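Below is one structure, written out as structure tokens, with a few remarks after it.
Fair warning: this is a prediction, and the values are worked out from it, not measured in the lab.
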Amino acid sequence: MPPKGKAAQKPKAGSSAAATKSPAATPAAPLSTKSTKATPDQQQPQSSTVAEKSKHNFTLCHPFEDLTGKNSLSALPTQADQLVWFASRLVTRLPVRSIGAKGQKDLWKTVNDHSLPPRGFNIRKHQKRQQQHKTADSRGRDIGEYSTKEWELRQEKRVTLSCLQLQSQRFRELRDRQKRGFVDSQTGDTVLVTDSEYLEEKQRRREMDRLKKELYGTQGMGRQGKLALDPEWDDVVPIVVEDPENALAAIAYSPDYAEAMSYLRAVMNSKEYSPRCLKLTEYIINLNPAHYTVWLFRAANIFALKLPILDEITWLNQIALENLKNYQIWHHRHLLVENYYPSISSDPAALSAFAASEREFLTQILAEDTKNYHVWSYRSWLVGKLGTWFNPEELKSTEDLIDQDVRNNSAWSHRFYLVFSDPENCTPGDKYAATEADPKVPGQIVDREVGYAEGKIRLAPQNQSGWNYLRGVLVKGGRELKSVQSFAEEFVMGLGEEGEGGEGEGTGEEVKSSHALDLLAEIYKEQGEKQKADLCLRRLVEKWDRIRGGYWQWRRDGLGLGEVAA
């Protein structure tokens with residue numbers, strides 16, 4: 001305890017203590033007395049940053065404290081300065097009542113005489129705060145360089161984040177009570193988390209994630225991503241698979257897709273089938289509709305949950321229209337129909353209605369891409385599955401497509417399948433291939449299809465689809481090619497005739513279809529007229545199909561006429 005008389009004495013004028021400024025301005029100088037009271041400018045400094053303001057506030061509350069450690073009790077020149085220094089430290093650190101009544105009286109007299117602040121910042125907390133001011137925010141800027149307004153906004157965000165974290169903790173506690181089957185003692189009802197509360201928590205976590213990134217950046221934030229912020233997936237530990245270092249073909253997955261796949265691996269590994277897994281598959285399909293495995297897992301969920309197949313097909317229609325070339329979509333549809341068919345197979349009305357709805361959708365999607373192989377492949381399978389060969393609407397649908405584009409080879413092929421795979425008009429099973437005659441095919445159907453093909457060929461003589469169809473009809477009906485000789489000759493006139501250009505130029509002949517010339521070469525060969533067959537092939541080599549001259553020359557060699565001109 002300081003001596004009674006000297007602790008209360010005021011320094012005389014001209015003493016070292018009265019002649020110096022505040023130690024805050026000059027830490028190594030002796031302490032001042034009443035001059036230590038801060039001026040208005042010192043009380044309200046024009047601090048440009050929070051670091052400067054924090055340092056100034058600490059100096060005002062600790063006028064005799066030197067954070068550098070240079071100003072200590074032994075460094076003060078006079079006993080009076082030492083007593084003031086001691087009082088300044090004592091009043092801000094110890095409970096005053098612990099020094100007795102006499103000591104308190106002397107202490108408070110010194111405090112009043114020298115205007116010492118009775119309260120002050122904790123040095124350690126101040127040092128910690130100063131260290132925080134030296135750290136960088138999420139954008140790499142030192143927090144100590146913030147203006148007062150920027151610091152206040154940052155503090156508001158921190159308070160908001162803390163409140164949201166408390167609300168999130170309450171949600172998790174409520175959900176845990178629901179899992180334990182907790183019963184509310186006041187209402188007697190079982191605790192349940194409503195859908196609206198799940199939605200609020202989802203939005204809350206997004207806001208928390210945004211605030212954390214703004215305040216602290218992404219380092220040390222743990223799991224991130226859309227699913228990590230969804231409370232519905234809190235109980236799932238994602239299985240992350242990363243490419244090995246220096247991988248030759250590392251795939252640059254988007255963060256959302258990589259996260260979704262890690263959760264998909266986890267639920268597939270646990271064999272979970274649930275509504276949330278179904279939503280997960282939809283999310284991944286939107287990111288990558290060509291992912292084969294996720295389609296299989298989606299089908300497994302639908303069948304395990306016994307969901308309405310027609311609802312899934314309705315959802316699938318839009319996906320198919322947005323991804324015309326995607327094969328996985330049609331395989332998924334195949335699985336759905338296989339699962340749905342047993343429930344309608346014995347109900348002709350339901351079967352007819354489903355076939356009509358599928359035909360309507362297929363017509364819609366073929367209007368977008370008339371030659372989509374995946375669609376035509378599915379359509380052919382569907383006809384066999386539902387048994388709609390004889391359906392006039394199915395045949396008319398293909399006719400409409402051929403009318404729109406006579407060169408649509410897919411529509412021609414589907415028509416051939418409809419007509420010559422109908423169990424009522426062909427031998428069942430695989431006894432007769434598409435290139436073999438089938439005695440069960442009615443003659444009137446052959447006549448009808450020959451007439452149909454000839455009519456379309458006249459519209460586009462150089463279109464190969466119609467000629468191929470005509471050949472196929474003749475083969476299935478067991479008819480010789482010569483039955484259409486007169487028709488083929490309609491498109492070849494003056495073959496080999498000399499014109500004004502001289503011998504071999506062939507300027508007097510007119511060929512409207514190289515395919516007719518090809519067919520005539522085969523017809524003449526069947527009839528034994530090899531010279532005429534050779535002429536047809538030679539004119540294909542020389543003029544009418546030079547790009548495939550090598551093929552036609554090979555056909556000429558097969559006639560067995562000996563050495564022929566190239």
Between Phe416 and Gly472, the two heavy atoms sitting closest are CE1-C, 3.6 Å
Do the side chain of Arg415 and the main chain of Glu399 share a donor and acceptor less than 3.5 angstrom apart? no
For Lys157 and Leu161, what are the C-alpha separation, side-chain angles and deciding distance, and is it a side-chain contact (heavy atoms from CB on, under 4.5 Å)? CA-CA 6 Å; Lys157 291 180 180 179; Leu161 178 59; over 6 Å; no
Arg210/Glu207 salt bridge by N-O under 4.0 Å criterion: yes
Looking at Arg180 and Asp176, is there a salt bridge between them, counting it only when a charged N and a carboxylate O are closer than 4.0 Å? no
Worked check of side-chain hydrogen bond (donor to acceptor under 3.5 Å, both in side chains) between Gln155 and Arg158: CA-CA 5 Å; Gln155 292 302 96; Arg158 293 179 65 183; 3.2 Å; yes
Checking Ser352 side chain against Pro348 main chain: does a donor-acceptor pair fall under 3.5 Å? no
Closest heavy-atom pair and its distance - Trp467, Pro461: NE1-O, 2.8 Å
Criterion salt bridge (charged side-chain N to carboxylate O under 4.0 Å, His left out) against Asp234, the qualifying member of Arg276, Arg172, Arg205: Arg205
Go through the steps for Ile457 and His515 under the test side-chain contact (heavy atoms from CB on, under 4.5 Å), then give the verdict. CA-CA 10 Å; Ile457 289 173; His515 306 298; over 6 Å; no
Testing Asp209, Leu164, Leu199 for side chain to side chain contact (heavy atoms under 4.5 Å, CB included) with Arg204, which one passes? Leu164
Using only heavy-atom distances, determine whether the side chains of Arg175 and Gln178 contain a donor-acceptor pair under 3.5 Å. no
Is the shortest side-chain N to carboxylate O distance from Arg359 to Glu393 below 4.0 Å? no
Pairwise side-chain contact, Glu200 with Gln167, heavy-atom cut-off 4.5 Å (strictly under): no
Charged N to carboxylate O below 4.0 Å: is that the case for Glu449 and Lys476? no
Between Asp422 (side chain) and Leu418 (backbone), is there a donor-acceptor pair under 3.5 Å? no
Answer whether the closest heavy-atom distance between the side chains of Tyr378 and Ile365 falls below 4.5 Å. no
Taking the basic N atoms (NZ, or NE/NH1/NH2) and the acidic carboxylate oxygens, is any pair closer than 4.0 Å for Glu259 and Lys226? no
Set of residues satisfying side-chain contact (heavy atoms from CB on, under 4.5 Å) with respect to Asn463, sequence neighbours excluded: Val406, Arg407, Trp412, Ala460, Ser465
N/O donor-acceptor pair under 3.5 Å between Asp438 side chain and Thr427 backbone: yes
Parallel under 30°, tilted from 30 to 60°, perpendicular over 60°: which one fits the rings of His374 and Tyr327? tilted
Is there side-chain contact between Arg265 and Pro238, with at least one heavy-atom pair below 4.5 Å? no
Quiz: residues 293-306 side-chain donor-acceptor pairs under 3.5 angstrom, not counting sequence neighbours:
residue : atom : partner : partner atom : Å
Trp295  : NE1  : Pro289  : O            : 2.7
Arg298  : NE   : Glu312  : OE2          : 2.7
Arg298  : NH1  : Leu278  : O            : 3.1
Arg298  : NH1  : Thr281  : OG1          : 2.9
Arg298  : NH2  : Glu312  : OE1          : 3.0
Asn301  : OD1  : Ser274  : N            : 3.0
Asn301  : ND2  : Phe297  : O            : 2.9

Asp518/Arg471 salt bridge by N-O under 4.0 Å criterion: yes
Does the side chain of Trp381 come within less than 4.5 Å of Glu338's, by heavy atoms? yes
Set out, in order, the CA-CA distance, both residues' side-chain angles and the distance that settles side-chain contact (heavy atoms from CB on, under 4.5 Å) for His331 and Tyr292, then state yes or no. CA-CA 9 Å; His331 182 263; Tyr292 186 74; 3.6 Å; yes
For the pair Asp369 (side chain) and Lys325 (backbone), establish whether a donor and an acceptor sit closer than 3.5 Å, ignoring hydrogens and angles. no
Tell me if a side-chain donor or acceptor on Asn408 pairs with a main-chain N or O of Ala411 at a distance below 3.5 Å. yes
Treating His291 as the side-chain partner and Ile285 as the backbone partner, does any N or O pair qualify as donor plus acceptor under 3.5 Å? no
Do the ring planes of Trp376 and His414 sit parallel (below 30°), tilted (30 to 60°) or perpendicular (above 60°)? tilted
Pair Met261, Ile284 - check side-chain contact (heavy atoms from CB on, under 4.5 Å), show working. CA-CA 8 Å; Met261 287 304 303; Ile284 297 176; 4.1 Å; yes
Tell me yes or no: between the side chains of Arg379 and Ser397, is some donor less than 3.5 Å from an acceptor? yes
